[in-house]
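A quick write-up on the structure given underneath.
Just so we're on the same page: letters track the sequence lines, and every chain starts at 1. In what follows, every heavy atom counts, from backbone to side chain, and hydrogens, waters and symmetry copies are set aside. Predicted, not measured: the structure shown is a model, and the values here were computed from it.
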Amino acid sequence: MAIEVPRIPLGQWIEAGLDWLTSNYSMVTRGISRVTQTGIDGLNDALMWLPEWGLLAIIVGLCWWVANLRLGIGAALGLALIWNLGLWEPMIETLTLVVIATFVAVVIALPVGIAAALSERLYRTIMPVLDFMQTMPAFVYLIPAIPFFGIGSVSAIFATVIFSMPPAIRFTTLGIRQVPVELIEAADAYGANRAQKLFKVQLPLSLPTVMAGINQTIMLALSMVVIAAMIGADGLGSEVWRAIQRLRPGDGFEAGIAVVILAMLLDRVTQSLRKGRKT
Amino acid sequence: MNENRNVKIRVRNLSKVFGNQPKKALELRNQGLKRPEILDKTGQTLGLSNIDFDVYEGELLVIMGLSGSGKSTLIRCLNRLIEPTEGEIVIDGENIPELDDKALLECRRRHFSMVFQNFALFPHRTVQQNAEFGLEIRGVDKQERARVARNALHQVGLDGWEDAYPNQLSGGMQQRVGLARALANDSTVLLMDEAFSALDPLIRGDMQQELLELQNRMQKTTVFITHDLDEAINIGDRIILLKDGEIVQIGTPEDILTHPADDYVARFIEGVDMSRILTARHAMRPVRATAREDDGPRTTLRKMSESGIDSIYVTSRDRTLHGLVEVDAVEQAVKQGKESIRDIMTQDFRAVGPDEPLHNLFAMFSEKSFPIAVVDDNRKLLGVVVKGAVLDELARAAEPAQVGEKQVGEKQHDPETLAAAGDA
Ligand SMILES: Nc1ncnc2c1ncn2[C@@H]1O[C@H](COP(=O)(O)OP(=O)(O)OP(=O)(O)O)[C@@H](O)[C@H]1O
Ligand SMILES: [Mg+2]
């Protein structure tokens with residue numbers, strides 16, 4: 001006596017919703033697409049315009065300045081290897097995507113995180129959404145990106161921003177909520193208004209936590225940008241993708257090692273920024 | 001204390017209920033129920049109930065009570081860090097509970113600086129920047145606030161530490177920064193919530209002393225919270241005793257010690273070292289007899305034997321103290337046929353002011369056995385303290401049985417008794 005339960009057409013609904021969005025907001029998506037593509041090309045061209053050794057020297061100097069000589073030497077060796085393997089251009093393309101995606105993610109995440117920290121109601125709405133965003137398998141985001149922005153780097157950025165944003169929001173909210181109540185009380189007692197409290201007390205005190213969130217966002221962005229090769233994003237990911245398709249494990253590993261080097265550099269630099277510069 | 005002082009803050013009928021049904025709680029309170037019953041019946045905590053007091057301009061008012069008595073709630077109602085449920089808090093004509101948000105910020109900036117038990121310094125700001133905080137919030141320009149803050153840091157003895165961060169300082173120094181932050185703000189009222197309670201006893205004593213000196217110098221109206229009676233007595237011009245959110249007694253430290261309003265207060269003061277609080281005035285007795293400089297030895301000897309004393313203070317007619325003669329010396333002078341006692345007068349005795357703490361007198365008795373002379377600023381003889389009286393007074397102060405007993409004070413303070421005895 002099996003009761004026939006009709007299958008809920010969840011997938012169809014989602015598709016209908018996406019169709020509606022793409023057809024009604026194509027102006028918007030095309031606008032976004034053009035701006036983003038211009039940004040990507042601009043940054044990419046700028047980084048590629050510099051000779052390899054020039055950019056290498058700048059990055060090494062930066063590592064030395066924000067962290068220490070050791071990181072500088074490490075950066076020099078790692079980047080020289082990438083250059084030597086002929087992966088310089090894909091590495092630049094990946095770096096560009098990561099930088100732009102992270103920038104967009106942080107620009108959205110900071111105000112949202114601050115708002116969620118200050119409003120209990122928003123906090124309770126937004127946390128489940130973040131959980132959802134983070135537990136959804138990464139490449140599911142790639143699928144709706146295509147109807148919006150087509151195959152290519154813009155879709156990659158879109159998917160990456162969504163995937164990498166939650167930690168930046170979460171940590172911003174956490175950082176602000178962690179500010180000891182006595183300090184808030186002290187600020188109140190001296191007559192600070194909301195903006196003064198935020199900018200003179202809450203934000204400065206949550207900065208290390210916010211930076212930890214941004215660090216995580218960068219790491220997630222890097223991993224997503226590599227996966228985004230599946231929808232045509234340029235960079236180290238597409239090198240790996242090509243190696244898989246042509247069954248050339250050596251090439252695949254070379255590109256993989258380049259990703260690891262880039263990841264380590266990004267991680268160490270942002271970590272040192274978080275802990276404060278040592279001079 | 002001065003009677004006709006200006007009232008800086010007037011608090012009337014102030015109550016605070018923690019919970020979501022304040023009306024109900026206050027209704028029960030009006031029916032005469034107390035905090036525990038109200039909590040049982042409604043789940044509401046009656047934090048403060050019907051608080052009435054004035055803070056005078058320039059005084060250091062101490063609010064004292066056990067943990068949970070409502071001290072922090074009371075001080076936070078003053079600047080509305082906690083919203084009062086009902087009542088009036090008037091400062092310079094403004095009723096604080098009625099202020100809108102903007103006026104409240106303005107009021108906090110102008111009137112209140114606060115010093116916190118756990119310092120509440122901003123760890124990302126230097127000592128200097130911490131001291132500047134209040135001025136920065138008020139929009140004072142950079143150079144001016146730097147100057148004022150440096151001056152405040154100088155006042156609390158932190159010259160040279162401007163660029164340090166709070167975590168580089170000891171607890172005592174951190175609280176000095178907290179104090180400097182409050183002083184720099186130049187508000188009209190200083191609120192201190194257990195400001196010294198987190199410091200170890202030695203540092204704490206120093207800080208109390210310094211606060212008193214600052215207070216003497218600047219005459220800043222201060223509300224100081226403590227749960228420590230010794231501290232309250234040490235620094236307070238007046239003390240308010242809180243219990244379960246109600247005021248049990250308001251008075252000078254001396255009032256509270258000598259006339260505790262009820263058993264609660266009496267128990268509170270049991271632990272206090274009375275010899276620090278009681279002064280020569282309390283143990284002073286009327287002078288039974290005095291001699292004049294031009295009295296002859298025979299007259300003097302008769303005065304002494306009539307009163308049964310073996311040393312006598314010599315004063316002029318207006319009671320100015322000149323010296324002391326001992327019975328041995330007088331007897332000898334009689335034998336030698338001397339005209340007056342002027343030559344045998346000695347300065348080898350101790351004279352103290354009426355406010356000398358009793359514990360200082362102990363040491364004096366071990367040097368000499370003469371009664372100690374108590375004199376006023378013009379060296380007029382007010383009375384004498386004999387050794388036994390000091391002990392009597394301490395014993396009496398230690399007895400809780402003195403609650404409400406009046407005659408102790410009257411006997412000592414009645415100036416007529418003294419005058420009559422002196423002129424005899
Ligand atoms: N936010 C609050 N919610 C509920 N009850 C509170 C709240 N704040 C204080 N109380 C209660 O009000 C009463 C007075 O608290 P308050 O903090 O003013 O006491 P206190 O005299 O400062 O004590 P302590 O010496 O421990 O600091 C206590 O019973 C406390 O539990
Ligand atoms: Mg308290």
Checking heavy atoms, do the side chain of [X], its backbone, both or neither come under 4.5 Å from chain A?
X	result
B:Arg76	side chain
B:Arg181	both
B:Leu121	backbone

Inset, instruction - Spell out, as yes or no, whether a donor-acceptor pair under 3.5 Å connects the side chain of B:Thr222 to the backbone of B:Phe224. - result: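 Such a contact is absent between B:Thr222 side chain and B:Phe224 backbone.
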Inset, instruction - State whether the side chain of A:Thr102 and the backbone N or O of A:Ile218 hold a donor-acceptor pair below 3.5 Å, judged by distance alone. - result: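 No; zero donor-acceptor contacts below 3.5 Å.
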Inset, instruction - Answer yes when B:Lys71 and B:Asp193 have at least one side-chain N-carboxylate O distance shorter than 4.0 Å, and no when they do not. - result: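 No, B:Lys71 and B:Asp193 are not salt-bridged.
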Inset, instruction - Examine whether an atom of A:Glu185 lies under 4.5 Å from a heavy atom of chain B, and if so say whether it belongs to the side chain, the backbone or both; otherwise answer neither. - result: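 The answer is both parts of A:Glu185.
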Legend entry - Verdict with supporting geometry, B:Asn167 and B:Gln174, side chain to side chain donor-acceptor pair (under 3.5 Å): CA-CA 8 Å; B:Asn167 64 5; B:Gln174 289 189 34; over 6 Å; no
Inset, instruction - Among the options B:His124, B:Arg125, B:Lys102, B:Arg110, pick out the one with the most heavy-atom pairs lying under 4.5 Å from chain A. - result: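 It is B:His124.
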Inset, instruction - Pick whichever of B:Asp101, B:Leu191, B:Val115, B:Leu81 has the most heavy-atom pairs under 4.5 Å with chain A. - result: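 Top count of heavy-atom pairs under 4.5 Å with chain A: B:Leu81.
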Inset, instruction - Indicate whether any N or O donor in one side chain lies under 3.5 Å from an N or O acceptor in the other, for A:Gln216 and A:Arg170. - result: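 No, because no side-chain N or O of A:Gln216 sits under 3.5 Å from a partner of the opposite role on A:Arg170.
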